**Q** 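Structure in structure tokens, see below.
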Amino acid sequence: MAKARVLTPKSESFPDWYQDVIAKAELAENGPARGTMVIRPYGWAIWERMQAEVDRRIKDAGAQNAYFPLFIPESYLHKEAEHVEGFSPELAVVTHGGGKELEEPLVVRPTSETVINAYFSKWLQSYRDLPLLINQWANVVRWELRPRLFLRTTEFLWQEGHTCHASEADARDYALRILSEVYEQFMVDVLAIPVLTGAKTENERFAGADQTWTCEAMMGDGKALQMGTSHLLGQNFAKVFDTQFLTEAGEREYAWQTSWGVSTRMVGGLIMVHGDDAGLRLPPALAPVQVVVVVVRDEGGAGEKAEALAKQLKAAEIRTELDARDTPFGRRAVEWELKGVPVRIELGPRDIASGNAIVVRRDRAEKETTPLDGLPVRLPEVLDEIQQSLMQQAKDRQEHRTADVATVGEAVGAARTGFARMPWDGAGELEDKLNQEGVSVRCLRRTDGSVPLSSDEDDLVAVVARAY
RNA sequence: CGGGGAGUGGCGCAGUGGUAGCGCACCUGCUUUGGGGGCAGGCGGUCGGGGGUUCAAAUCCCCCCUCCCCGACCA
């Protein structure tokens, strides 16, 4: 039986392929209102795993979770000039409540710097209260003209961290710590996505920040996706919300602040980095289901053996699912491939007779025969190999599709298939020209690849690309 | 918001003025199960919405809405 075409091939149309994966893997679909998204159980399981891993790292970095309101008085947004200017075009504003027009409109939070500062200003009294490290998991709304599931939806889910520090240096250190120890480490170790960390240009900076840093990743089509950002807010919000503390010397000083976030956009990135023409491919460290045990045909004790094996693997803390459904084998195989489950174990009467199982790796089209007894030992190794192989494949692509260039013309050419690295002029003329060609500066890095403390440093390298 | 494409059953589509169809999916039964199996029988649609032309509109005209692609804005 010939393989039926399951998805639009990536090479034919990457956007169609992306949508097909989301539909066929049952990750999400559009909500009834434009730009909204229904996240289906399997998509949610992936997001839950991301949340758990990011949350743990945030707590390791010392922050505590809290929750602030969805509705923010409109006047709060207006207190910080650049902030409101940046967000005005994408605000959803509530003007009526309880059947009456409100005295003051409420904005649905696009981010929570303002409302959180209103409370930080009450909570923060003394240098002894610092650092004040708060995170919240929430939904936010930014009106989008061109929504795309996971990548750009009007409502999306994220975590937003908000912190206060005694000095600019402390705040900067913390923003950079989150960038590397939480975001970069999570993306590399769990998502198996190589990311480029660096500073944003002034042009690309968060509205109201002194400095923005970013994690950028290359998607399967060579375009860039911003996977996470961390900001040094300086004293901009502290000044307008009067967030002050008494120093050891007894003087009043405005707090130095940061904010940082990652969102459901990461799910889109995960799809576009690892997915192939058979569907999603999930790194084992993230996968909600790491191993599926498929009963090919319940004869010769295959069903019983599969159930026992699944139980054994679960006991060994491998996230395992048993598939003993009475539907044709081929259909089920395709389904698990679409969903990107890293390892599929096939058990039928033949295997029971021979004492082996067929182990199928999702990272490459290969089946291997493994003794049944050896599986509990072998599987953790296989999962680890898959994790590494997905990372290696993503890394190879990123390297092969990144070119060092000298001119805008060359950069635009390189950006058709990937990234370009070029010397940064520091003035922004380069950026204007690139932007006119549909290419943007994704981040600025030092020549040795490390993250600059500021976009104003000398001798920086600009990484430029087309972006989502 | 500018340019281009498209809205017909859950999904994909055909249907240029005359009884709304096909494939897949779904349901029932039998048979199957080692890569989306086979046979038989079924359920399911105010043709995106509103208005107009006509004896008659999925089809022609007007307005609106939505989705997709490419641009400008963004996590």
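It should be emphasised that the depicted structure is a prediction, and the values quoted were computed from it without experimental measurement. Below, read A as the first sequence line, B as the second, and so on, with proteins coming before strands; counting in each chain starts at 1.
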**Q** Within the pair A/R332 and B/G34, is there a side-chain N or O less than 4.0 Å away from OP1 or OP2?
**A**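 Indeed not, no polar side-chain atom of A/R332 lies that close.
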
**Q** Counting side-chain heavy atoms from C-beta on, which of B/C73, B/G37, B/G34 comes nearest to A/I358?
**A**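 Among B/C73, B/G37, B/G34, the one nearest the side chain of A/I358 is B/G34.
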
**Q** Kindly point out which of B/G34, B/G35, B/C73 is positioned nearest to the side chain of A/P349?
**A**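 For the A/P349 side chain, the nearest candidate turns out to be B/G34.
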
**Q** Which nucleotide in the set B/A72, B/G35, B/G34 lies at the smallest distance from any side-chain heavy atom of A/V296?
**A**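 Among B/A72, B/G35, B/G34, the one nearest the side chain of A/V296 is B/G34.
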
**Q** Need one value for A/S88: base, sugar-phosphate or nothing, where a base atom within 4.0 Å counts as base even if backbone is also close, heavy atoms only.
**A**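 If one applies the 4.0 Å heavy-atom cut-off, A/S88 turns out to touch nothing in the nucleic acid.
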
**Q** State whether the distance check finds a donor on one side and an acceptor on the other, under 3.5 Å, for side chain A/K367 versus base B/G34.
**A**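 Check fails, no donor-acceptor contact within cut-off.
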
**Q** Rounded to the nearest Å, what distance is computed from the CZ atom of residue A/R146 to the C1' atom of nucleotide B/G4?
**A**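 Value for this atom pair: 12 Å.
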
**Q** How close or far is atom C1' of B/C68 from atom CZ of A/F14, stated in whole angstroms?
**A**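 Spelled out: CZ on A/F14 to C1' on B/C68 is 17 Å.
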
**Q** Taking only the side-chain nitrogens and oxygens of A/Q436, find out if one of them lies under 4.0 Å from OP1 or OP2 of B/A72.
**A**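 For A/Q436, the contact criterion (side-chain N or O under 4.0 Å from OP1 or OP2 of B/A72) is not met.
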
**Q** What is the distance, rounded to the nearest whole Å, between atom CG of A/L145 and atom P of B/G3?
**A**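 Distance check: A/L145 CG to B/G3 P gives 15 Å.
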
**Q** Tell me which nucleotide among B/G71, B/C68, B/C73 gets nearest to the side chain of A/Q19.
**A**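 Between B/G71, B/C68, B/C73, the one nearest the side chain of A/Q19 would be B/C68.
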
**Q** Using atom P of each nucleotide, how far apart are B/A6 and B/C43 to the nearest Å?
**A**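 Nearest-Å result for B/A6 against B/C43 at atom P: 34 Å.
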
**Q** Would you please confirm or rule out a distance under 4.0 Å between OP1 or OP2 of B/A25 and any side-chain N or O of A/R331?
**A**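 Yes, because at least one side-chain N or O of A/R331 sits under 4.0 Å from OP1 or OP2 of B/A25.
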
**Q** Once you round it to whole Å, what is the distance between P of B/C74 and CZ of A/F206?
**A**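 Nearest whole value for this atom pair: 12 Å.
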
**Q** Can you tell me the base-pairing partner of B/A72? Count Watson-Crick or G-U wobble geometry only, both distances below 3.5 Å, and say none if there is no partner.
**A**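 Matched B/A72 with nothing under the 3.5 Å cut-off.
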
**Q** Please tell me whether A/H162 and A/F120 form a close aromatic pair, meaning their ring centres lie under 6.0 Å apart.
**A**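 No - the distance between ring centres of A/H162 and A/F120 does not fall below the 6.0 Å cut-off.
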
**Q** What about A/F237 and A/H83, are their ring centers closer than 6.0 Å?
**A**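 When the ring centroids of A/F237 and A/H83 are compared, they turn out to be within the sub-6.0 Å range.
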
**Q** With both distances under 3.5 Å as the test, what is the Watson-Crick or G-U wobble partner of B/G41?
**A**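 The answer is B/C27, by the H-bond criterion.
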
**Q** Rounded to the Å, how far apart are A/R148 CZ and B/C70 C1'?
**A**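 One finds 11 Å between C1' of B/C70 and CZ of A/R148, rounded.
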
**Q** I want to check something: taking the side chain as every heavy atom from C-beta on, are A/L149 and A/Q19 in contact at a cut-off of under 4.5 Å?
**A**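 No, their side chains stay 4.5 Å or more apart.
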
**Q** What integer distance in Å separates A/R297:CZ from B/U31:P?
**A**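 Nearest whole value for this atom pair: 16 Å.
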
**Q** Among A/N236, A/N117, A/T163, which one satisfies side chain to side chain donor-acceptor pair (under 3.5 Å) with A/Q257?
**A**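 Single side chain to side chain donor-acceptor pair (under 3.5 Å) partner of A/Q257 among A/N236, A/N117, A/T163: A/N117.
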
**Q** Across all strands shown, which nucleotide pairs with B/U54 by Watson-Crick or G-U wobble geometry, both distances under 3.5 Å?
**A**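 Answer to the pairing question: none, since B/U54 forms no Watson-Crick or G-U pair.
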
**Q** Could you identify the nucleotide paired to B/C47, looking across every strand shown and requiring Watson-Crick or G-U wobble geometry with both distances under 3.5 Å?
**A**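 Partner of B/C47: none found under 3.5 Å.
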
**Q** Nearest heavy atom decides the nucleotide; on that basis, is A/P147 or A/G86 closer to the 5' end of RNA chain B?
**A**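 First, find each residue's nearest nucleotide; the 5'-ward one identifies A/P147.
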
**Q** Name the pairing partner of B/A6, where a pair is Watson-Crick or G-U wobble with both distances under 3.5 Å, or state none.
**A**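 Across any shown strand, B/A6 pairs with B/U66.
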
**Q** Does A/R466 make a side-chain N or O approach to OP1 or OP2 of B/G71 shorter than 4.0 Å?
**A**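 Checking A/R466 against B/G71: no side-chain N or O falls below 4.0 Å of OP1 or OP2.
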
**Q** Going by heavy atoms in the side chains, are A/L270 and A/M50 under 4.5 Å from each other?
**A**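 In contact.
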
**Q** Identify the nucleotide, in any strand shown, that forms a Watson-Crick or G-U wobble pair with B/C22, with both distances under 3.5 Å; if there is none, say none.
**A**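 Matched B/C22 with B/G12 under the 3.5 Å cut-off.
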
